[in-house]
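Please read these numbers as outputs of a predicted model, since none were measured by experiment. Lettering of chains follows the sequences in order, A, B, ..., and the numbering in each one begins at 1.
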Amino acid sequence: MNRARKQPPEPRADHAPAAGSAAPHRAAAREAPAEPAVSEETKHLLELVDQMLLIRAFEERCVELYSSGTIRGFIHLYIGEEAVAVGVNAALSPDDAVVSTYREHGHALARGVPVDAVMAEMFGKATGCSHGRGGSMHLFDVQRRFYGGNAIVGGGLPIAAGLALADRMTGRSRVTCCFFGDGAVAEGEFHETANLAALWDLPLLLVCENNLYAMGTPLEHEHAQTDLAMRAASYGMPAWAVDGMDAVAVERAARRAVDGILAGNGPHFLEMRTYRFRAHSMYDPDRYRDKAEIERWRERDPIPLLAGRLPAGAADLQEMRERAAAAVDRAVAAAEAAPVEPVEDLYRFVSHEGS
Amino acid sequence: MTASAPAPVSGPEKTSFREELRAAMREALLADDRVFLMGEDVGKYGGAFGVSLGLVEEFGPERIRDTPLSESGFVGAGIGAAVAGLRPIVEIMTVNFSLLALDQILNNAATLLHMSGGQVSVPVVIRMTTGAGRQLAAQHSHSLEGWYAGIPGIRVLSPGTLQDARHMLAPALADPDPVVIFEHGSLYNATGPAEPRPESFDIVSAAVRRSGHDVSLISHGGSLPKVLAAAEALAAEGVSAEVLDLRSLRPLDGAAIAASVARTHRAVVVDEGWRTGGLAAEISARIAELAFYDLDAQVERVCGAEVPVPYPKHLEDAAIPQVPDIVAAARRAVG
């Protein structure tokens, strides 16, 4: 695999140190690891823990901000699913593309979208990563090839196929990664895209975040066949299920899939078995889930799970948690101080002519 | 949809609407490597209506790309490829089938630029056949241009002349935003002399196709030949009708509509779409807003009957605007 690798975007001064910093290690791992494996590995795991802590802190702050009425709209929290975003992102290069869902705060932060810009977007401010036009469900950062933030279940899949098609047609060796949930596998757009991508050998990584519920409907009530990887495999693409609570397992699977895609083996499908610890959205009273079930999954919280693998004394988790919270604090303060878009600019961005 | 219409025989200087559409695509494919065509049976089949016949032989299957029957999938893929910087032309067989892709057109193509705060441009061109008149019944014959014309974020074009069939594509591809082009099925075999691109050509302005001073007949696309025929019939009765071809349905050229009504003081709006909440209703409202005090008569609408288009010819004919309907409406307006 001799892809020319760009360096990741420069982290901003106010940017939490972890986000976006995993790629160089990945590139090194693919080529020739120069450092002793153990210390590099520990360093890398620490980065993943850091990213997960940032996402967790961000989401917990969103709960507070929503409860106090500071931010509005639908807020879909990623708490519990962090290992998927950070593990998959660790396997992607900055030149790869990501298409995401409405539960995408974690994907955006793992991708390296600055926490300030994501928080400002939650506030609907002009400094938001989508100029405040999108809000929680529509985070974009084209500079980082992060193409949203799609709130139509399955709606991002054909777009991702198109991004991958463009790479194929122009001979660029890179991957488009599309996140979607178990609910999307029931949508026609999933099946149309899977067929199209397999038919055309598109460099597409399909990452299904199977958190067992399509909003409030359990998997077995929405799918006649609940083995989602098997269904994807029926399109003739490599597909397998992964422990989505284990960031290391996620990264390993994603690397294997990315390598397969770049080797020209067409699209790959990963079913990430995960769980959201919070309700579907801030509107959801969560009547449909058994508390004992939630507790069982909480015991497999991806953050302590990964932290537990670090050598003794390698990490001060409390200190890392405080650092993440401080980054979110700064982001909130910046968002509060940021300007809103003037109402006169309402029609801006509708078309390039501004009509 | 199984059979493509045979390509018409053309003399040295004669051409057809279909050939002009094809020539426009060929020119675009030659001019820009980023341009490619994708859709159901656009390759060896030549497109459901024969518009792309011969292109796959010249440009190959990568750039003249047959797709599976998955409108949402391939229209979305076209949008994604446009986001990535290519210039796809996506062909949808008919406007009725485009409803399967409406999620992608409305929720993504028309929306991504705004939702991303100006970061994501979607320079895609989507072509589709529209309209009745070929006895294809209620799932291949509707005119939904008015629905699309209500969507902010896309440009909607309705060529009604050979010149527009030939020259609208290049500026549509140059547009950084999504453009939807409606091709009326009854026009594909229309023939006439090929016309060069005029210097002042654009895809924004309405065009006066016939000057007159008694009544404005405002229309577009497949109804245009009928409206011109009606104007001819009216002339024989001593009524001077102006024919305004809208060309662009979004944005509408309100200034041209108002100017025409200011000249004639009477307006008949002709659109094959359903009457209720349709394009003709929008144009009538624009006239009321922009030219109310110029009007000497109520605005007349000649629209598609509010039925699913039926199969038998006599009922299909009765379901869409015909020359006598237009003439009658003009007579009412002139009083």
Between [options], who has the most heavy-atom pairs with chain A when the cutoff is under 4.5 Å?
| options | result |
| --- | --- |
| B:Pro88, B:Ser72, B:Gly153 | B:Ser72 |
| B:Gly85, B:Ser70, B:Ala84 | B:Ser70 |
| B:Ser116, B:Gly118, B:Pro68 | B:Ser116 |

Interatomic distance, [X] atom [atom1] to [Y] atom [atom2] [nearest 0.5 angstrom]:
| X | Y | atom1 | atom2 | result |
| --- | --- | --- | --- | --- |
| A:Ser351 | B:Ile154 | OG | CD1 | 11.5 Å |
| B:Gln119 | A:Ser130 | CD | OG | 6.0 Å |
| A:Glu353 | B:Asp177 | CD | CG | 7.5 Å |
| B:Thr67 | A:Leu196 | OG1 | CG | 7.5 Å |

Exercise for the section: Between chain B and each of A:Arg145, A:His131, A:Met169, A:Glu121, count heavy-atom pairs under 4.5 Å; write down the option with the most. Expected result: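 Top count of heavy-atom pairs under 4.5 Å with chain B: A:Met169.
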Handout entry: Pairs of heavy atoms under 4.5 Å with chain B: top-ranked of A:Thr193, A:Asp141, A:Thr176, A:Leu157
Key = A:Asp141
Practice task
Give, as side chain, backbone, both or neither, the part of A:Leu204 having an atom under 4.5 angstrom from any heavy atom of chain B.
Solution key: neither
Handout entry: Backbone of A:Gly155 reached by a side-chain donor or acceptor of B:Gln104 within 3.5 Å
Key = yes
Exercise for the section: State whether the side chain of B:His114 and the backbone N or O of A:Arg348 hold a donor-acceptor pair below 3.5 Å, judged by distance alone. Expected result: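 Looks like yes, one N/O pair under 3.5 Å.
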Part of [X] within contact of chain A (heavy atom distance under 4.5 Å):
| X | answer |
| --- | --- |
| B:Arg34 | neither |
| B:Thr111 | neither |
| B:Leu86 | side chain |

Problem - Heavy-atom side-chain proximity of A:Phe140 to B:Leu112 below 4.5 angstrom - result: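 Answer yes - side chains close enough.
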Fill in the blank from the handout: In terms of heavy-atom contacts, A:Leu163 and B:Gly80 come closest through CD2-O, 3.5 Å
